[in-house]
Amino acid sequence: MDNGKSPASVHSSAKSPVYSFVAPSRSVKRPRPVKSCLECRKRKLRCDRASPCSQCQKAQRQCRYAAEGEVVSLSDGSDAETPERTVKRNRAAASQDSNQRDTSSGSNYAAVLEEHANRLERLENQLLSRTSSIAESSSAPAQRPAASSLTIRGLTVKGGLRTRFFGQMSTRVLVNLFDEAKDFMFARNKSSDIREMFMNIQKIHKALQDEHRKATAPITVFVDSMTPIQKRMADVLPSKAVCDALLDVYLHGSETIYRVLHIPTFMRQYNQYWEGQTQPDAFLPQLLSILCVGYRYVGAGKGQYPDREGIHIPTASSLVRTWLDSLRGKQLVEFSTLQAEILQLMAQRMINPQNQESWTHLGLIVRMAMTMGFHRDPSEFAQKISPFWAEQRRKLWYTILELDVHMSMQCNLPCCIREGDFTCQPPRNLNDEDIHPGTEQLPPSKPIDQDTDSRVQVFAASTLSIRFRIVDIINRTDTLQDYSQVLELGSELERVFEDVRYIVPPTHSNDMAEVRRRWMTRVVLDMNCRRPLLALYRPFALSDTDVPQQIVTGYLRSSMILLCYLDELDPQSPDYHHIWHMHQLVLKQEILQAAFSLCYYMKQSTHGSVSPTSSNVKSESAEESCTIASESSIMLSLPRLKSVVQKVLDTMNRRIREIGTDLRDIVSLTVVFNTSQGGTPEQKREAIKAGLQRILDAGMQAIHTSHENIASMPIMQSPVPMQMSAMQPNSGFVNPMQPFMAGPDTPSTVSDEFAAMWDTEFWNPLLQSGLP
């Protein structure tokens, strides 16, 4: 064969036309003249180009060369006459008779080449257009997500050494969306009447914080006693009747998505305990934590103060913590110890709303579970772990995963566990009664539309992969090149909501207990994915940049759905107040964020002014997107948005005495709400005054005081100021002397110095002397 044609090109030309378009260029090159003899070319032999050639002489064949200008058919070079060669795949022409291929004309060859050239040209055009669109999207600033750091993160700094990070869930971060509200609150030229109202509200805030600090302190006679810890824990237990009621509340309210117990086993231990039989050491710590969660779910204020009808949560939680800290050696790797750790974390969250402390504590629990091998599926150790305990391990591990995803989103911090860090499979959709310690083989999982003790957790486990990816994205929004990942994950979650409506459809029945149970299941499943969707969309929906309409409308719709869960229930039903309290307790932070978000949509839809920090095009686009979103449904109309936010404010005023309710949040939302509705400056000022007066009236009723008595209460003094900085150089989040907002995650149990600094940084500018 001549050097002008490589073996690969010869093989390619000899094969079926499917593989003939290997040329890198669109242009079809004219074939080079054939220099080998026809017989050597036909048999794919190396020709020395002699006349006759050596190959033809050996085989005693007639050696003939193509005449000048003669078109040689490619079928002459076919390997169909060499049956010893392996027939390759995708050779449609190989099924034809070899004699037919040998007689193919040159015109057919030209047609094949032209067809393949056209196909190659189309392929190149597609690739070039795709590359061009990617280049344009990366170079065009409007296509790249550009969520402002002012509204997604911040950092408090004191002396350069004491720092605290705050994410997009914090009020102190979200308030930066509302320049007019900030100017009103922190302006130095306040009128005397507004300044006096702020001063009185600050006094009420200090009184409530002092009350909360005392309420969350454990009773010293129990925690400081030298009595054995088991005896002290037994002493704080309420009566059996109260324990029965609180245990039932816990099992129906928490042991759904957070599966910690095998209910039949625990109930057997519980009944034996009251019969006087000795139980394992971990039983009482588990029971105390369960009662704390259950009592907090019963109603407002429950568990905060000592009473004979319940349990004092701070004392019980402190005793459980003391017992856990006393464990050593092999006690630390007991299954029951891990259960007690998780239950104690849940109980502590009932009175300490500091999410970052819970996130840190959960990190220790994650490492503890991993050292016990919970992250590996029990089937890898089938000879050592029975089917029953394997299933309990799966339930407990997925409870830890759920807590990790939820707390990480609330803190705007990465998950302790990544998606590829575990092999443990989800639990099966079974009732606890279906398995017991003697079970030799697990029964098959029931359909997901069949109600079981584990259905909520099993369904939630099917969405964990999506939620892990969302937590990853919201912690690296600065690295996103386009909205494709955000839109893709949002669409996946929207399909999950459709599955929830299919699995647990709304029902109309006279059995109110069944209606309430199905509503609770549907809300828990929906809420579990609604939270990550809001966290995913929030950085972009609440920004001045151009964002896809799907994000803007989807965020507004999900905010409204979260705020309207209770609309399906009858307010006149006997247990409505109990469900209302649980709703406010579990979703307190999400409700506050959703209310601020609705105010942002109201502001964008009603204000025609352009932000000085953004171009006219972007600002008009953001306003247009918000207007389109609010007009997309009656549920999202402006009157509806105002009604829902006002309802949130009324609820917060009613719960002003609750631990976790922060007056700074209520003040901020009140000012933001009344400056976002439009109107003249005087109308806004009067609306704000009316809102502040409602806060003042609710606060005085909560601390049992009057206008006359509040005048004699002291005003908080200012310590060394603390700086608030955005996580971006020269972003101008807040200058060193400018106040910042305290978020709902501000704990009531932090040190007096730190709490005082947070308080004064907020209140001092509000109390500045103004015009007479």
Side-chain angles (χ1 to χ4, degrees), residues 145 147 151-152 167-169 174 177 257 405-406 409-410 412 459-460 463 466-467 469-471 473-474 477 483 485-504 506 519 522-543 547-568 583-584 586-605 622 625-638 640-645 647-648 669 744:
T151 60
I152 59 178
Q168 61 178 356
M169 295 292 286
L174 265 184
L177 289 165
I257 192 169
V405 171
H406 174 53
M409 282 191 298
Q410 285 195 322
N412 207 66
F459 182 86
T463 67
I466 305 175
R467 289 181 284 142
R469 284 181 282 160
I470 288 177
V471 176
I473 283 182
I474 63 179
T477 53
Y483 291 103
Q485 296 183 60
V486 177
L487 295 173
E488 179 183 355
L489 290 174
S491 299
E492 289 186 44
L493 283 179
E494 291 290 352
R495 289 192 290 271
V496 171
F497 298 140
E498 296 177 4
D499 295 340
V500 172
R501 289 189 289 270
Y502 173 77
I503 294 172
V504 193
W519 173 87
R522 187 168 61 257
V523 166
V524 171
L525 292 176
D526 184 275
M527 171 189 66
N528 202 46
C529 290
R530 192 76 59 183
R531 283 167 163 167
L533 182 65
L534 288 169
L536 174 68
Y537 281 168
R538 182 179 294 122
F540 314 107
L542 304 184
S543 68
V547 295
Q549 192 63 41
Q550 173 185 334
I551 293 178
V552 180
T553 304
Y555 183 74
L556 177 59
R557 185 191 308 113
S558 287
S559 297
M560 284 292 289
I561 290 174
L562 185 141
L563 293 174
C564 298
Y565 280 146
L566 293 175
D567 289 357
E568 298 182 35
H583 175 263
Q584 298 296 326
V586 173
L587 292 176
K588 172 180 64 67
Q589 197 167 4
E590 286 78 9
I591 289 172
L592 181 65
Q593 301 304 311
F596 272 102
S597 301
L598 297 193
C599 291
Y600 176 81
Y601 280 79
M602 291 162 48
K603 175 174 74 78
Q604 294 288 358
S605 299
S625 297
C626 293
T627 301
I628 293 173
S630 62
E631 293 177 352
S632 62
S633 170
I634 297 178
M635 186 185 77
L636 306 180
S637 63
L638 283 178
R640 175 69 169 163
L641 300 185
K642 295 178 182 179
S643 171
V644 171
V645 176
K647 188 175 180 180
V648 171
L669 183 58

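Note that the coordinates shown come from a computational prediction; the quantities given were computed from them, not determined experimentally.
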| Do L177 and F596 pass the side chain to side chain contact (heavy atoms under 4.5 Å, CB included) test, and can you show the C-alpha distance, the side-chain angles, and the key distance before you say yes or no? | CA-CA 9 Å; L177 289 165; F596 272 102; over 6 Å; no
> Do L587 and M527 touch side chain to side chain, with heavy atoms closer than 4.5 Å?
Replying inline: yes
(Q) Less than 4.5 Å apart, side chain to side chain, heavy atoms only: is that true for L487 and P548? (A) yes
When rounded to the nearest 0.5 Å, the distance separating CD1 of I591 from OG of S559 is 11.5 Å
So CE of M602 and CG of L638: to nearest 0.5 Å the spacing works out to 7.0 Å
- So do I561 and R557 actually touch side chain to side chain, heavy atoms under 4.5 Å? yes
**Message:** For V552, is there any backbone N or O sitting under 3.5 Å from a side-chain donor or acceptor partner on Y601?
**Reply:** yes
Could you tell me whether E590 and R530 have a side-chain N and a carboxylate O separated by less than 4.0 Å? no
Within a strict 4.5 Å, meaning less than it, do heavy atoms of the V547 and V486 side chains meet? no
Sequence neighbours excluded, the answer for side chain to side chain contact (heavy atoms under 4.5 Å, CB included) partners of A595 is V648, L669
**Item:** Donor-acceptor under 3.5 Å (R467 side chain, A460 main chain)
**Value:** yes
*For the pair L174 and L592, evaluate side chain to side chain contact (heavy atoms under 4.5 Å, CB included) and give the outcome as yes or no after the intermediate values.*
CA-CA 10 Å; L174 265 184; L592 181 65; over 6 Å; no
**Report entry** 4.5 Å side-chain heavy-atom contact, L493 and L489
**Finding:** no
Subject >> Any L641 side-chain heavy atom under 4.5 Å of L556 side chain >> reply: yes
Would you indicate whether the side-chain heavy atoms of Y555 and S597 approach each other to under 4.5 Å?
yes
Between V500 and D526 the two heavy atoms that sit nearest each other are CG1-N, 4.3 Å
Worksheet item: Is a side-chain donor or acceptor of W519 paired with a backbone partner of L566 at a separation under 3.5 angstrom?
Response: no
Query - Intermediate values then yes/no, side chain to side chain contact (heavy atoms under 4.5 Å, CB included), R469 and E492 - result: CA-CA 11 Å; R469 284 181 282 160; E492 289 186 44; 3.2 Å; yes
When you compare the side chain of Y483 with that of I551, does any pair of heavy atoms fall below 4.5 Å?
yes
